[in-house]
Amino acid sequence: DRNIHFHVPRDPRDALAGVLSQFGRRVVAAQSIVVVHSELGSAPAVARALDRLEHPRIVGTIAGDDTCLVVAANNRDAALLARELGDLVG
């Protein structure tokens, strides 16, 4: 009988950094949307980490299998957010 335990960081910033460094591939701003490309199957984890962050520039997220769309309030916020998230991609 095996007991498997998963460690989920308490700080949402740490969780986001972990998910993006491990699964993130590319981040691109497209007007007021930031597109986060990731490994297949990991986009929901990226979206969840972003939602938990409660980032002031993020209006909401939508996740597919390998792509997460991050909606920002405006083009400037999207560009700044893309740069910030791109720095976390491994």
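All figures in this text were calculated on a predicted structure; none of them were measured in a lab. Index from 1, following the sequence. The figures that follow rest on heavy atoms only: side chains count, while hydrogens, waters and symmetry mates do not.
Nearest heavy-atom pair, S21 versus G18, reported as atom, atom and distance to 0.1 Å: OG-O, 3.1 Å. Contact record, V59 with A73: CG2-N, 3.6 Å, taken as the closest heavy-atom pair. When all heavy atoms are compared, the tightest approach of D66 to L40 is CB-CA, 3.9 Å. Looking at every heavy atom in both residues, A29 comes nearest to A78 through CB-O, 3.9 Å. Between A47 and A63, the shortest heavy-atom distance links the atoms CB-CB, 3.8 Å. Between R26 and V89, the closest heavy-atom pair is N-CG1, 4.2 Å.
Hydrophobic clustering (ILVMFWY, side-chain heavy atoms < 4.5 Å, transitive): V19 and L53 are in one cluster. There is a path of hydrophobic side-chain contacts, each under 4.5 Å, that joins L88 to V34.
Here CG of D11 is found 10.0 Å from CG of L16. Values are rounded to the nearest 0.5 Å. Remark: R48 CZ to C68 SG distance equals 12.5 Å, nearest 0.5 Å.
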### Message
Show, in sequence, the C-alpha distance, side-chain angles and deciding distance for V35 and H37, and conclude whether the side chain to side chain contact (heavy atoms under 4.5 Å, CB included) test is met.
### Response
CA-CA 6 Å; V35 182; H37 297 276; 3.4 Å; yes

### Query
Please walk me through it: do L81 and I58 pass side chain to side chain contact (heavy atoms under 4.5 Å, CB included)?
CA-CA 8 Å; L81 188 59; I58 298 175; 3.5 Å; yes

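When side chains are defined from C-beta on, T67 does not count as touching V36, because their heavy atoms never get closer than 4.5 Å. In this structure the side chain of H55 never reaches within 4.5 angstrom of the side chain of L50, judged on heavy atoms. Within the 4.5 Å cutoff, the side chain of E84 has no heavy atoms near those of the L80 side chain. A heavy-atom distance below 4.5 Å is found between the side chains of L85 and L20.
Within a 6.0 Å sphere centred on CZ of R57, heavy atoms belonging to other residues, nucleotides or ligands number more than 12.
Side chains of D51 and T61: a donor on one and an acceptor on the other come within 3.5 Å.
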